[in-house]
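Lettering follows sequence order; numbering is per chain, from 1.
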Number of protein chains: 2
Amino acid sequence: MKVLIIEDEIELLIVISNYLTKEKYVCVLAENFAKAREKLSIYEYDIILLDIGLPDGNGLKLIDTIKKYNHYAGLIIISAKNSLDDKISGLDKGADDYMTKPFQLSELNSRIRALLRRRQLDSSNTLTFNELTIDALAKTLIINGQEIKLTKKEYDMILYFVINKNRVLTKEAIAEHLWDDNIDLADSYDFIYTHLNNIRRKIKNAGGTDYITTIYGMGYKFTDQ
Amino acid sequence: MKVLIIEDEIELLIVISNYLTKEKYVCVLAENFAKAREKLSIYEYDIILLDIGLPDGNGLKLIDTIKKYNHYAGLIIISAKNSLDDKISGLDKGADDYMTKPFQLSELNSRIRALLRRRQLDSSNTLTFNELTIDALAKTLIINGQEIKLTKKEYDMILYFVINKNRVLTKEAIAEHLWDDNIDLADSYDFIYTHLNNIRRKIKNAGGTDYITTIYGMGYKFTDQ
DNA sequence: CCAATTCTAAAGCAAACCTAAAGAAAACAC
DNA sequence: GTGTTTTCTTTAGGTTTGCTTTAGAATTGG
């Protein structure tokens, strides 16, 4: 997942970048209007964080540029707490969410995740990859029209994989996400192995392909190709 | 079909009302908390549109009132784009769908249609699944022409299941929907188990099939197949 | 005050989860 | 290349957790 961070406070820019990099996002940085335009014209991004209080040009104008170059990117606006008007006009212009400074990095992370998830869910709350469909309301996995019965842990796990498709998920990340806090990380990851094996077996038995590839020594990755 | 529209922006209220009236819905309007309560106590509605950003009282509180008076009404929440948290707690409390402002009227229409379709309330306010029929007016359950006597809790519960068919309903959601506010969620869910068991026994004794499947660790799901 | 309903408690049961251990595969060392 | 180490896969079974069922106590409503 590629994130463009547009923020004029260099310190904050670095902090956010470091945090998101640790969370396995690829970060591209822009500290002013000009740089932002430049970066926008080069790549496409999945998520754009935009501070609308830029010194060299109103960040709101950037929204138009973003829409022009990056039609599908999720846009999260960052603003100082008092500039309510900016926020509102930003949202009118097509931002998906906003945050006020100061904020917790963990909150930023969860908002990014929520946004990515919302973008992937279609109107009937399902996620589809080739022959594989996850129904978020029925909490089922459907392969070629056939409903696969998953346990809670299995469902949570495959959902976590699918939402973060094409990203390597370390065992640490999986453990932290699926189990309360730190389920003693000194321990082994046998429980992950077991559940993953159960998922793979069920998918295989239903005639589905195993999209979960093992990245030896690192973790796992759900690839849609 | 009767629609109650709760919205404080008068302009928007009128626009929605005009549109839905043209689509052959009967519209009742409420522009604030007090009016909404009043209208809720007078009639029953098929669909309720609720803007949770009301100025004179949090719209979320209205959800409880809605549940009290209008048990089987479909509830669609309307919210400003930024109030993510409201959206989420609204859905948790038993809303069936939500929309963010601004929205297309055509989208509203299709969401209402989808909701009505899902509920499958016919003209005589009954819901039928194979040999099982729920009469929302007489508040009875009919199996193969035989009328089953249900208590209020049992009736509310089976209705909640049926109108949310094919969705997993967590015990938390069931508790919040059928009991006032938080009936101390730290407690056990024994009361759910008991009532559910009573429903299943009555259906079974009447020769009906048990469409309520237990999703271990997640909740329950009413499946029509 | 009585009858119906709702809730509490507890025993028994079933599913899911985790642990452990053996085998396989990949990476590493030589 | 071969042996060793590390990491992952797979399977089995014990433990834990959550669900069912029943009985009866508490509550509610006429």
Side-chain angles (χ1 to χ4, degrees), chain A residues 139-141 148-161 168-205 210-222, chain B residues 68 71 139-141 147-161 168-205 210-223:
Chain A
K139 294 200 194 293
T140 52
L141 174 66
I148 311 299
K149 206 180 155 202
L150 296 180
T151 70
K152 186 173 175 358
K153 272 270 135 61
E154 289 161 13
Y155 174 81
D156 288 345
M157 196 180 249
I158 188 87
L159 184 62
Y160 183 52
F161 277 119
V168 174
L169 299 174
T170 63
K171 281 165 279 133
E172 288 79 7
I174 296 167
E176 281 186 16
H177 188 262
L178 293 181
W179 281 270
D180 288 335
D181 287 328
N182 295 3
I183 168 182
D184 203 349
L185 291 179
D187 277 17
S188 73
Y189 293 105
D190 285 349
F191 43 92
I192 293 178
Y193 297 147
T194 305
H195 289 298
L196 190 64
N197 184 52
N198 289 337
I199 293 173
R200 281 174 160 162
R201 182 169 35 74
K202 286 183 180 179
I203 290 176
K204 196 172 150 197
N205 287 345
D210 182 14
Y211 295 104
I212 303 166
T213 51
T214 304
I215 316 294
Y216 194 96
M218 289 186 166
Y220 298 91
K221 185 165 72 168
F222 185 96
Chain B
K68 193 173 159 198
H71 220 82
K139 299 203 189 296
T140 52
L141 175 64
E147 194 176 307
I148 311 299
K149 204 183 157 199
L150 294 179
T151 70
K152 186 175 182 330
K153 271 270 132 62
E154 288 161 13
Y155 172 79
D156 288 347
M157 195 180 249
I158 188 88
L159 182 62
Y160 183 50
F161 278 119
V168 171
L169 299 174
T170 62
K171 280 166 279 134
E172 289 79 6
I174 297 168
E176 282 190 11
H177 191 264
L178 294 182
W179 282 270
D180 287 335
D181 285 329
N182 293 4
I183 166 177
D184 203 350
L185 291 179
D187 276 18
S188 72
Y189 293 104
D190 285 350
F191 45 91
I192 293 178
Y193 297 147
T194 305
H195 288 298
L196 189 64
N197 187 50
N198 289 338
I199 293 172
R200 281 173 160 163
R201 183 168 33 75
K202 286 183 180 179
I203 291 177
K204 197 172 151 196
N205 287 345
D210 183 13
Y211 294 105
I212 304 166
T213 51
T214 304
I215 316 294
Y216 194 99
M218 291 182 176
Y220 297 91
K221 185 165 68 171
F222 186 96
T223 44

Which part of the nucleic acid, if any, lies within contact of A:Tyr155, taking any heavy atom under 4.0 Å across all strands shown: a base, the sugar-phosphate backbone alone, or nothing?
nothing

Which whole-number value in Å describes the distance from A:Asn198 CG to C:dC18 P?
11 Å

Classify the nucleic acid contact of A:Arg200 as base, sugar-phosphate or nothing, counting any heavy atom under 4.0 Å across all strands shown.
sugar-phosphate

Side-chain N or O of A:Trp179 versus OP1/OP2 of C:dC17: is the shortest distance under 4.0 Å?
no

Side-chain donor/acceptor of A:Lys204 to backbone N/O of A:Asp210, under 3.5 Å
no

If you only use heavy atoms from C-beta on, which nucleotide in C:dC18, C:dT6, C:dA27 is closest to the side chain of B:Lys153?
C:dT6

If you take all heavy atoms of B:Met218 and A:Lys152, which pair is closest and at what distance?
CE-CA, 3.3 Å

If I take atom CD1 from residue B:Ile148 and atom CD1 from residue B:Ile203, how far apart are they, to the nearest 0.5 angstrom?
8.0 Å

Proximal nucleotide (of D:dT9, C:dC17, D:dT20) relative to the A:Leu196 side chain
D:dT9

Between CD1 of A:Ile199 and P of D:dT11 the distance, given in whole Å, is 16 Å

Does B:Lys152 have a side-chain nitrogen or oxygen under 4.0 Å from the phosphate oxygens OP1 or OP2 of D:dT28?
no

B:Ile192 CD1 to D:dG18 P, straight-line distance once rounded to whole Å
14 Å

What is the separation between atom CG on B:Leu150 and atom P on C:dT5, rounded to the nearest whole Å?
10 Å

Respond yes when some side-chain nitrogen or oxygen of B:Tyr189 is under 4.0 Å from OP1 or OP2 of C:dA9, and no when none is.
no

Measure from the side chain of A:His195, starting at C-beta and using heavy atoms only, and say which of C:dT6, C:dC18, D:dG18 lies closest.
C:dC18

First of B:Glu154 and B:Gly217 reached from the 5' end of DNA chain C, by closest nucleotide
B:Glu154

What are the two closest non-hydrogen atoms of B:Ile174 and B:Met157, and how far apart are they?
CG2-CE, 4.1 Å

Output the single nucleotide from D:dT9, C:dC18, C:dA20 whose closest atom is nearest the side chain of A:Asp190.
C:dA20

When rounded to whole Å, the CD1 to P distance for the pair B:Ile215 and D:dT17 reads 22 Å

Rounded off to whole Å, could you give me the CD-to-P distance for the B:Glu172 and D:dG18 pair?
10 Å

Using the closest heavy atom to pick a nucleotide of DNA chain D for each, name whichever of A:Arg201 or A:Tyr216 lands nearer the 5' end.
A:Tyr216

Show your working on side chain to side chain contact (heavy atoms under 4.5 Å, CB included) between A:Leu196 and A:Phe161 and close with a plain yes or no.
CA-CA 11 Å; A:Leu196 190 64; A:Phe161 277 119; 3.9 Å; yes

A:Asn197 has a side chain; which of D:dT11, C:dA27, C:dC18 sits nearest to it?
D:dT11

What is the distance from OH of A:Tyr193 to C1' of C:dA16, rounded to the nearest Å?
21 Å

How many angstroms lie between atom CD1 of B:Ile158 and atom CD1 of B:Ile199, to the nearest 0.5 angstrom?
5.0 Å

Look at the side chain of A:Thr194 and the base of C:dT19, then say whether one donor and one acceptor between them are separated by less than 3.5 Å.
yes

Measure CE/A:Met157 against C1'/C:dA16 and give the value in whole Å, please.
14 Å

